[in-house]
Amino acid sequence: MLIVAALYHFTRFEDPAAQRAPLLSVCEGAGVRGTLLLAPEGINGTIAGTREGIDLVLAHIRAMPGCAGLVWKESSAAAMPFGRMKLRLKREIVTMGVPGTDPTAHVGRYVAPAEWNALISAPDVAVIDTRNDYEVAIGTFRGAVDPGMRSFRDFPAWWRDNAHRFAGKRIAMFCTGGIRCEKSTNFLLGEGVAEVFHLQGGILKYLEEVPEQDSLWDGACFVFDQRVSLTHGLAPGGHLLCHACRRPLAPEDTSRPDYEEGVCCHRCVDEYSDADRARFRERQRQVARGELFAG
């Protein structure tokens, strides 16, 4: 089994570009694949490899400026879930697009998975899912509000349009691994919300630690690799990926008339041009011939 490590850490990198080449060299030398993002505000991503390889990369990251306190979440995969190693420079490691947002200054109160059920069951608590709509569609916490976002950039405008709905409520937010909540709780505190909470370690930590019989989670959790989704105990959730729009599909969705492997699904059948479809078909032919990794 391979180790999959999901990580993020907010810290101030004066020169993110200077960190890129040494980190990429370590990843490639260790046989580790995945995607890591570097920005002035820190590092974010998911990587996979052998136990030894992952340990080498994590040790390098912890030695980077301000990263000694790095926390990550691990799961396993029977096969390599990434085609190659990508290390990208970005303006933000998770893009909300609100200048001045700074999770290193202050964030909401962390709530451990073991205490999450009690919090979100309280009548004065509003629970908000900060993930994109296609992620919410395959699983979320019971009673959670879905903002219907196509992108995290949509969150600030959605909140400002809907803040009146939550007057007098305590706000509890969650996301896959916790990184969106670092920014969204910082944003809400700046908007004047008095009590803001977020699930420590995100959905993945909750699914790892909370027994299924005690869980308030319904469905599966989308992950950004070839496993597509995970469920309780971080077991595979059984979803597939549309390689055109990158949205998750249930196995039965492949029987829909709009589905063409690697080309379209019922969610994106009207979203691309004929030229796009031709390009997707050629890519799928390369995947079928083993010339290209599907991810």
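The model shown is predicted, which means the values in this text are computed figures rather than measured ones.
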* Asked: So, does Arg20 use its side chain to make a donor-acceptor pair with the main chain of Leu87 at under 3.5 Å?
  -> yes
Practice item. Please check if the side chain of Arg283 supplies one atom and the backbone of His243 the other of a donor-acceptor pair under 3.5 Å. Key: yes
Exercise. Is any side-chain heavy atom of Ile171 closer than 4.5 Å to a side-chain heavy atom of Leu188?
Worked result: yes
> Asn186 side chain to Lys183 main-chain N or O, any donor-acceptor pair under 3.5 Å?
Replying inline: no
Electrostatic pair Glu135-Arg247, nearest N-O below 4.0 angstrom: no
For the backbone of Ala21 and the side chain of Ser25, can you confirm whether one donor and one acceptor N or O come within less than 3.5 Å of each other? no
*Applying the 4.5 Å side-chain criterion to the ILVMFWY set and letting contacts propagate, would Val136 and Ile120 be lumped into a single cluster?*
no
The complete set of ring-ring contact (aromatic ring centres under 6.0 Å, His included) pairs with one or both residues in residues 21-55, sequence neighbours excluded, reads none
Sorted by chain and residue number, the ring-ring contact (aromatic ring centres under 6.0 Å, His included) partners of Phe174 (sequence neighbours excluded) come out as Phe141
- So does Glu191 have more than 12 non-hydrogen atoms from other groups sitting under 6.0 Å from CD? yes
Looking at Pro40, is its backbone amide N or carbonyl O close enough to the side chain of Arg12 to form a donor-acceptor pair, meaning the two atoms are under 3.5 Å apart? yes
Residue set satisfying salt bridge (Lys or Arg N to Asp or Glu O under 4.0 Å) with Arg180, at least two apart, ordered chain then number -> none
SB check Arg256 Asp258 (cutoff 4.0 Å): no
Separation between CG (Asp214) and CG (Leu216), nearest 0.5 Å, reads 9.0 Å
Residue pair Arg170, Asp124: steps toward the salt bridge (charged side-chain N to carboxylate O under 4.0 Å, His left out) verdict = CA-CA 6 Å; Arg170 295 185 290 160; Asp124 66 332; 3.0 Å; yes
Checklist entry - Taking the six-membered ring for Trp, is the centroid-to-centroid distance between Phe197 and Trp116 below 6.0 Å? => result no
**OP:** Go through the steps to decide whether Asp274 and Arg277 satisfy the test salt bridge (charged side-chain N to carboxylate O under 4.0 Å, His left out), and finish with yes or no.
**Re:** CA-CA 5 Å; Asp274 290 343; Arg277 298 294 181 210; over 6 Å; no
Does Ser215 use its side chain to pair, donor to acceptor, with the backbone of Pro211 at less than 3.5 Å?
no
Q) Would a distance-only check, ignoring hydrogens and angles, find a side-chain to backbone donor-acceptor pair under 3.5 Å from Ser151 to Asp154? A) no
d(Cys175 SG, Leu199 CG) to nearest 0.5 Å is 8.0 Å
* Considering only NZ, NE, NH1 and NH2 on the basic side and carboxylate oxygens on the acidic side, decide whether Glu28 and Arg33 come within less than 4.0 Å. => no
Any chain of hydrophobic side-chain contacts (each under 4.5 Å) joining Leu204 to Leu241?
no
Exercise for review: With the side chain counted from C-beta on, respond yes when Gln226 and Phe82 share a heavy-atom pair under 4.5 Å apart, and no when they do not.
Suggested key: no
Could you give the side-chain donor-acceptor pairs of residues 61-75 under 3.5 Å, partners two or more places apart or in another chain?
{"residue": "Trp72", "atom": "NE1", "partner": "Glu74", "partner atom": "OE2", "Å": "2.9"}
{"residue": "Lys73", "atom": "NZ", "partner": "Gly177", "partner atom": "O", "Å": "3.1"}
{"residue": "Glu74", "atom": "OE1", "partner": "Arg51", "partner atom": "NH1", "Å": "2.8"}
{"residue": "Glu74", "atom": "OE2", "partner": "Arg51", "partner atom": "NH1", "Å": "3.4"}
{"residue": "Glu74", "atom": "OE2", "partner": "Arg51", "partner atom": "NH2", "Å": "2.6"}
{"residue": "Ser75", "atom": "OG", "partner": "Arg227", "partner atom": "NH1", "Å": "2.6"}

Q. Mind checking whether Val111 and Tyr206 sit in one hydrophobic cluster, side chains of I, L, V, M, F, W, Y counted as touching below 4.5 Å?
A. yes
Mark yes or no for whether Glu260, through its side chain, and Cys265, through its backbone, hold a donor-acceptor pair below 3.5 Å. no
(Q) Ring centres under 6.0 Å, that's the criterion: do Tyr110 and His198 meet it? (A) yes
*asked:* Taking Trp159's backbone N and O only, do any of them form a donor-acceptor pair with Asn162's side chain (distance below 3.5 Å, no angle check)?
replied: no
_I'd like to know if the side chain of Tyr272 and the backbone of Ala244 have a donor-acceptor N/O pair within less than 3.5 Å._
yes
When rounded to the nearest 0.5 Å, the distance separating OG1 of Thr185 from CD1 of Ile128 is 11.5 Å
- Query: Does a salt bridge link Glu208 with Lys205, judged by any charged N lying under 4.0 Å from a carboxylate O?
  - Reply: yes
Applying ring-ring contact (aromatic ring centres under 6.0 Å, His included) to Tyr134 and not counting sequence neighbours gives Phe222
Hits for salt bridge (Lys or Arg N to Asp or Glu O under 4.0 Å) against Arg91, two or more places apart or cross-chain, chain-then-number order -> none
Counting C-beta onward and ignoring hydrogens, is there a side-chain heavy-atom pair between Met80 and Leu2 closer than 4.5 Å?
yes
Do Ile203 and Val4 share a hydrophobic cluster, counting only Ile, Leu, Val, Met, Phe, Trp and Tyr and linking them when any side-chain heavy atoms are less than 4.5 Å apart?
no
